[in-house]
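Just so we're on the same page: letters track the sequence lines, and every chain starts at 1.
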Amino acid sequence: MSWRYGRWTVDHPLPVGAATRAAEGVSVRAGDVLATGSTITLAHVADGARRVGVAARDLDRVLRVRPVVEVRKGAVLARTGRRFARAATSPIDGRFVHITADGDLYIMPIVDEWSVRSTLDGTVVRSDDAVVAVEGECWALAGLAGYGPDAIGEIALGVDDPDEPLAPPRVDVRLRGHIVVGGSRIAAEAITRAHACGVAGLVAGAAPAGGLRTVFGDDIDARGRASFDDRPTVLCLVGFGSGPLPSAVWDPLVAFAGLRAAIHTASARLFVLAGRDEVEVPAAAPLLALADDHGSVRPVPPDARPFPANVLPFDAER
Amino acid sequence: MREGDGGAAGRPVRVVILAAQSGPLEQAARRVVLKAGVELVLVLRAGDPRHFGERAQALRDARPDVVVVPLADKGGAEELVLLAEPLRFGCAAQSPAPHVLLATGDDGAIARATPLLAPFDVELVPDVRGDSGRIRAVTRLREMRADEGGRLRDEVLEELAARLAAERSTAILLVDVVGSSTSLVHADPAGGLLAAHVRPLGTGAAADRVVARAGLDRVRRWIPWAVDQPTLLEQVFNRARWPGAVPTDSGSLAVEIALAHEAIGHAVSDALAAGIGPQLRAVPLVVLTGRLAELAPAQASLVAVDALELPAPASIAREQEGSVVPLASFVPVAPTRRGTVRFAWSGAPREERVERDALYALPLEGDVDVSGAGVTASHLVAGPVGAIVDGRVRPLSLPLRDAERVPLVARWYASLDAVPRDPPPVAQEATPA
């Protein structure tokens with residue numbers, strides 16, 4: 001099966017240094033901010049336990065503030081004594097983020113802020129410094145590899161046919177904020193143009209691996225690369241190079257046009273926030289074949305016999 | 001032994017080494033990781049130029065299952081502060097939290113390091129520079145990899161290597177390349193065993209990791225015709241995400257051969273970084289298994305010769321159902337002058353004058369004794385490929401320009417009759433699962 005309607009739990013990994021997080025049990029919509037923080041750079045260390053004259057394990061008792069919190073230069077972080085007080089203070093304006101095992105206090109300057117947004121309508125079921133997980137019901141299509149940050153927007157078709165590559169001229173500013181569906185291939189030119197036009201994300205059968213390297217860096221691999229920075233979002237559904245979409249995948253995409261959707265790059269899934277009865281999908285997963293030179297992927301008609309070598313169902317464990 | 005025969009790949013275990021004290025201690029930790037067959041995702045040293053936040057982010061991105069902390073003394077434990085705090089900041093909230101193997105025999109180091117690693121589950125093992133510490137750490141890591149009741153492929157390979165070395169009373173090097181791992185196992189008749197199981201690094205699911213490590217040009221250079229980079233990259237990426245993909249034309253077969261070259265080369269590099277490289281390669285018999293053993297004999301031999309860069313004459317064979325099948329004998333000739341090699345075998349003795357940069361195969365089969373100027377006198381066994389005489393300068397240096405490199409590499413393939421050709425068509429009737 002390609003498209004599935006169900007209850008999904010999606011982990012949203014956080015960078016280090018989260019300052020705020022949605023609490024467990026809170027209802028969120030796709031696109032809502034789940035967590036914010038700042039990029040952690042050089043740490044300024046303030047003497048903590050030694051300064052206030054307590055053992056490191058007792059420092060928690062005398063802390064005036066606890067990580068993670070914004071502090072001003074000179075703000076008291078920990079204090080002991082009354083008449084002859086001993087205090088640990090912040091050496092800079094910044095964010096108090098960490099207490100070391102030896103009882104020292106790490107304060108970071110706030111250089112830039114990041115935020116992580118939900119890719120589902122649902123409820124927060126886990127929230128800690130590493131991950132905020134959201135559970136919700138919707139349609140999902142498991143792709144092969146996602147690159148870039150998560151993306152949320154309405155689905156728009158960028159091609160008329162599943163065999164057609166997304167031509168750069170088809171992408172313009174009218175598609176700002178949309179998730180654009182390409183057909184068999186999205187070239188690097190289309191990816192960068194879409195990003196410049198404010199397109200939220202791109203979904204297609206395949207993208208050229210060389211083009212992905214150009215956009216996302218030479219160190220990417222075939223397993224995708226989720227990131228938090230300002231980059232395009234690309235979801236490859238069947239392979240690399242060229243990959244026309246089977247009709248069992250394409251037809252529901254056409255039916256979903258105009259509906260809210262999200263690309264979760266870490267799990268390479270496209271979520272469509274629509275009701276169960278919005279479309280009908282075939283029960284059997286379409287078959288895919290790897291080209292003889294391994295340079296592309298194509299759909300295989302279900303009645304093709306004998307099958308060529310290297311045939312897999314769309315939903316195979318890859 | 002094909003992929004999937006005889007042993008399981010096991011669960012992937014991601015390992016980070018916190019190398020507060022580099023040098024022999026870090027090498028020993030790397031040897032543990034290589035022998036255990038776990039994935040080394042990050043080595044963080046005390047002198048790492050990144051600041052606290054970047055170290056913490058690198059550790060969070062690494063998502064380690066196990067953190068190995070080798071320490072020699074309390075001084076090392078003091079340095080550990082620079083690494084333990086980023087670990088606490090980056091991974092304390094990870095679920096499940098990483099397991100820490102603290103490898104030291106020094107009481108002062110234990111007393112200082114334990115509170116630094118406090119939020120994590122810390123297990124103490126002896127110093128990994130000693131046999132007891134190394135064995136204990138390897139055993140522990142392999143326990144984490146093992147599926148219930150299943151044997152790991154790495155263990156099966158080591159047993160096979162030890163058995164073959166004992167049966168033949170000679171040191172052997174077993175080279176195994178499969179989809180997601182590359183193994184080098186050196187066994188001697190006295191029972192000594194050195195092993196490097198590198199994963200993910202292979203010709204299938206880890207093909208993209210070979211490119212990530214080696215670079216696309218280093219993979220491309222082994223293909224005996226011109227291939228543009230984008231095309232090759234797509235072939236590699238698709239292969240990495242297509243479980244069980246088999247080569248169906250000469251192009252995909254050439255990519256597999258090129259990937260095998262670099263996978264073995266990088267496994268050797270890892271072994272060198274762990275201080276076990278030279279011993280691995282100094283063997284009279286090389287046995288190939290996995291995907292290498294499934295290649296045509298000349299192709300498998302050429303991969304072994306070029307990727308291992310054997311310093312002395314050796315027999316090359318492949319493993320087939322537990323026994324050794326000879327493929328070729330390999331005779332490297334010192335290229336500083338015209339070398340003369342004498343071959344004594346069951347046929348008429350031969351004497352070959354070997355030119356610098358020459359590479360060719362003599363049609364000899366069976367037991368062969370080689371000797372001559374610039375050649376270590378050896379007894380070898382040749383197979384269908386014959387005796388490969390190699391006068392090329394080592395290490396091999398391939399020109400960057402296609403116009404210079406492709407004819408050179410094509411000549412090497414042609415001289416051993418190893419040029420990839422279209423394999424017979426493969427078709428299946430059953431619906432794929």
What part of [X] lies closer than 4.5 angstrom to a heavy atom of chain B: side chain, backbone, both or neither?
X: Val131(A); result: neither
X: Arg57(A); result: neither
X: Ser296(A); result: backbone
X: Ala289(A); result: backbone

* Measure Ser250(B) against the heavy atoms of chain A and call it side chain, backbone, both or neither at under 4.5 Å. =>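 Contact with chain A involves no heavy atom of Ser250(B) at all.
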* Please flag which part of Gln57(B) lies under 4.5 Å from any non-hydrogen atom of chain A: side chain, backbone, both or neither. =>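 The answer is both parts of Gln57(B).
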* Asked: Going through the distances and angles, do Leu288(A) and Trp242(B) end up as a side chain to side chain contact (heavy atoms under 4.5 Å, CB included)?
  -> CA-CA 10 Å; Leu288(A) 303 170; Trp242(B) 205 274; 3.8 Å; yes
Quick check for you: to the nearest 0.5 Å, what is the distance between [X] atom [atom1] and [Y] atom [atom2]?
X: Glu85(B); Y: Asp102(A); atom1: CD; atom2: CG; value: 7.0 Å
X: Ile40(A); Y: Phe52(B); atom1: CD1; atom2: CZ; value: 7.5 Å
X: Asp221(A); Y: Arg213(B); atom1: CG; atom2: CZ; value: 13.5 Å
X: His51(B); Y: Leu42(A); atom1: NE2; atom2: CG; value: 6.5 Å

Work out which heavy atom in [X] is nearest to a heavy atom in [Y]; give both atom names and the distance.
X: Leu290(A); Y: Ala245(B); result: CD2-CB, 4.0 Å
X: Ala309(A); Y: Thr248(B); result: CB-CG2, 3.5 Å
X: Ser95(B); Y: Arg126(A); result: CB-NH2, 3.6 Å

Heavy atom to heavy atom, less than 4.5 Å: which residues from [range] reach chain A?
range: residues 109-123 of chain B; result: Arg112(B), Pro115(B), Leu116(B)
range: residues 202-212 of chain B; result: Ala205(B), Asp208(B), Arg209(B), Val211(B)
range: residues 234-241 of chain B; result: Glu234(B), Gln235(B), Phe237(B), Asn238(B), Arg239(B), Ala240(B), Arg241(B)

* Between Asp128(A), Asp293(A), Asp129(A), which shows the greatest number of heavy-atom pairs under 4.5 Å with chain B? ->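 Option with the greatest count: Asp293(A).
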* Pick whichever of Asp104(A), Val238(A), Leu14(A), Asp315(A) has the most heavy-atom pairs under 4.5 Å with chain B. =>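 Option with the top pair count is Leu14(A).
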[Y] backbone acceptor or donor facing [X] side chain under 3.5 Å:
X: Arg60(B); Y: Pro15(A); value: yes
X: His294(A); Y: Val246(B); value: yes
X: Ser252(B); Y: Asp292(A); value: yes

* Neighbourhood of chain B inside residues 210-219 of chain A, taking heavy atoms under 4.5 Å as contact ->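 Answer by number: Gly210(A), Arg213(A).
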* Using a 4.5 Å cut-off on heavy atoms from C-beta on, say whether the side chain of Glu317(A) contacts that of Pro243(B). =>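 Not in contact.
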